[in-house]
Amino acid sequence: MNAKAADISVQAWQSDGILLEQYCYTAGIVEPLPKHCHEEYQFGLSFDCAGQYHYRGASHDIPIASLSIIHSGEVHAPSDRTFLPEPITFWMMTIHPKWFQSASADLAASEISPFFPDIYLADPQLNQLFITLQQKTDLQSQLERDINLWDFLSYLLTNYAENRLVGSPLSSTRTAIKQVCDYLHAHFATDVTLDQLSELAGLSRFHLSRVFRQEIGLSLTAYQTQLRISHAKKLLAEGMAIATVASLTGFYDQSHFGWQFKRRVGVTPGNYRETTVCRKTTSHAIS
């Protein structure tokens with residue numbers, strides 16, 4: 001019996017020189033891709049299939065759960081395999097060098113296009129940062145997307161670039177952090193960016209992200225989300241509709257709001273609203 005061609009499905013998110021993709025293949029026949037190159041850096045990760053690249057004049061095996069790296073401008077080709085015995089899933093990211101240049105300027109006041117000598121990196125922490133980037137972007141605030149990107153880039157630059165950078169020491173900037181906190185309190189439902197907060201604080205994006213966590217004990221995104229949840233609880237206690245609360249507190253939709261709320265409060269918004277409204281009604285009847 002002849003084998004069928006593999007079915008391929010792709011989900012992709014693109015924004016300003018960054019392309020994130022998730023590929024899902026069924027078992028079956030596949031057609032190898034030709035050699036090519038591109039201006040962007042390319043990263044790939046799979047937890048269920050070893051990879052292979054023809055790159056830098058040789059064939060390189062990429063172990064499962066290792067992040068592959070294709071440098072900007074270098075000719076390469078994926079595996080020449082023609083058949084997949086099992087389904088596979090992998091994540092890809094292509095990113096323009098300008099993002100590394102911007103990150104390095106923020107991190108150490110030195111704008112570079114980094115060179116990564118390794119073909120792949122076996123680092124669970126790096127994998128987690130990469131997978132966090134791959135989360136569906138329309139379910140994240142702009143601030144969350146910004147922070148996730150800077151965390152990934154700074155980790156790569158400081159740990160794996162051949163011309164690696166060392167970040168400047170953290171210093172106390174409590175006045176600047178207070179300004180950021182006050183701004184987030186006043187604009188908790190607004191889709192603020194890391195650039196906006198950085199300009200407000202007078203700090204680079206990397207320095208703000210690091211020193212905020214040092215001073216407050218939470219990341220900027222965790223702090224923003226907690227503010228939104230706190231305001232949501234008050235609105236739910238007033239008996240407001242869940243969809244309305246989600247919209248007024250800056251969440252993408254009711255489903256995303258429900259997931260975040262239960263994660264941080266322990267119950268669903270519906271349960272919280274029903275219990276709180278019931279208690280208020282009972283208390284009023286007794287008085």
Side-chain angles (χ1 to χ4, degrees), residues 13 15-16 18 106 128-129 132-154 170 172-280:
W13 302 267
S15 177
D16 193 19
I18 300 174
D106 266 9
Q128 185 56 55
L129 292 172
T132 299
L133 272 177
Q134 299 285 341
Q135 294 173 357
K136 195 172 182 181
T137 56
D138 58 7
L139 296 183
Q140 299 175 333
S141 68
Q142 183 60 53
L143 182 59
E144 187 174 5
R145 293 194 292 271
D146 292 345
I147 294 293
N148 290 343
L149 176 61
W150 297 129
D151 284 348
F152 176 75
L153 295 180
S154 62
L170 296 180
S172 179
T173 51
R174 292 184 179 177
T175 300
I177 297 304
K178 185 179 185 304
Q179 288 179 312
V180 170
C181 288
D182 289 344
Y183 186 87
L184 289 174
H185 274 270
H187 302 85
F188 65 89
T190 304
D191 201 17
V192 300
T193 69
L194 185 58
D195 282 343
Q196 287 176 286
L197 298 180
S198 172
E199 183 176 352
L200 175 68
L203 302 172
S204 74
R205 290 163 291 190
F206 279 116
H207 193 55
L208 172 60
S209 180
R210 290 187 297 157
V211 79
F212 188 93
R213 190 187 298 268
Q214 179 193 54
E215 295 279 357
I216 302 300
L218 293 173
S219 69
L220 280 162
T221 54
Y223 191 83
Q224 181 191 55
T225 301
Q226 190 56 53
L227 285 176
R228 291 176 171 181
I229 294 296
S230 295
H231 283 274
K233 289 167 71 175
K234 296 173 185 176
L235 298 177
L236 290 170
E238 294 172 2
M240 190 173 289
I242 296 172
T244 303
V245 173
S247 177
L248 290 177
T249 51
F251 289 97
Y252 172 72
D253 59 16
Q254 184 173 333
S255 175
H256 183 228
F257 167 56
W259 182 82
Q260 292 282 10
F261 191 92
K262 189 173 189 303
R263 182 185 178 195
R264 286 167 171 78
V265 181
V267 297
T268 66
N271 288 340
Y272 186 89
R273 177 178 178 272
E274 181 180 356
T275 303
T276 309
V277 171
C278 180
R279 285 179 178 173
K280 286 178 63 179

Show, in sequence, the C-alpha distance, side-chain angles and deciding distance for Leu184 and Leu197, and conclude whether the side-chain contact (heavy atoms from CB on, under 4.5 Å) test is met. CA-CA 9 Å; Leu184 289 174; Leu197 298 180; 4.1 Å; yes

How close do [X] and [Y] get, counting heavy atoms only, and between which atoms?
| X | Y | answer |
| --- | --- | --- |
| Thr249 | Val245 | OG1-O, 2.6 Å |
| Ser198 | Ser204 | OG-C, 3.6 Å |
| Ala176 | Ala201 | CB-O, 3.5 Å |
| Ser141 | Gln224 | OG-OE1, 3.1 Å |
| Ala232 | Phe257 | CB-CE1, 3.6 Å |

Among residues two or more places apart or on two chains, list those pairs meeting side chain to side chain donor-acceptor pair (under 3.5 Å) that have a residue in residues 180-195. Lys178-Asp182, His185-Tyr223, Thr193-Gln196, Asp195-Arg205

Quick one: does Ile242's side chain get under 4.5 Å of Thr268's, heavy atoms only? no

Atom pair [atom1] ([X]) and [atom2] ([Y]), whose distance is rounded to the nearest 0.5 Å:
| X | Y | atom1 | atom2 | value |
| --- | --- | --- | --- | --- |
| Arg145 | Thr132 | CZ | OG1 | 14.5 Å |
| Leu194 | Ser209 | CG | OG | 6.5 Å |
| Leu248 | His231 | CG | NE2 | 11.5 Å |
| Leu200 | Gln179 | CG | CD | 5.5 Å |
| Leu153 | Leu133 | CG | CG | 7.5 Å |
| Arg174 | Ile216 | CZ | CD1 | 9.5 Å |

Does anything in residues 219-236 pair up under salt bridge (charged side-chain N to carboxylate O under 4.0 Å, His left out), and if so which pairs, sequence neighbours excluded? none

Could you walk me through whether Leu220 and Leu208 pass the side-chain contact (heavy atoms from CB on, under 4.5 Å) check? CA-CA 9 Å; Leu220 280 162; Leu208 172 60; 4.2 Å; yes

Any chance the side chains of Gln260 and Arg264 put a donor and an acceptor closer than 3.5 Å? yes

Taking atom types as modelled and ignoring hydrogens, do the side chains of Asp146 and Gln142 form a donor-acceptor contact shorter than 3.5 angstrom? yes

Sequence neighbours excluded, which residues qualify as side-chain contact (heavy atoms from CB on, under 4.5 Å) partners of Leu129? Asp151, Phe152, Tyr155

Residue pair Ser154, Phe206: steps toward the side-chain contact (heavy atoms from CB on, under 4.5 Å) verdict: CA-CA 8 Å; Ser154 62; Phe206 279 116; 3.0 Å; yes

Could you go through Phe212 and Cys181, starting from their C-alpha distance and side-chain angles, then the distance that decides it, and tell me whether this counts as side-chain contact (heavy atoms from CB on, under 4.5 Å)? CA-CA 9 Å; Phe212 188 93; Cys181 288; 3.7 Å; yes

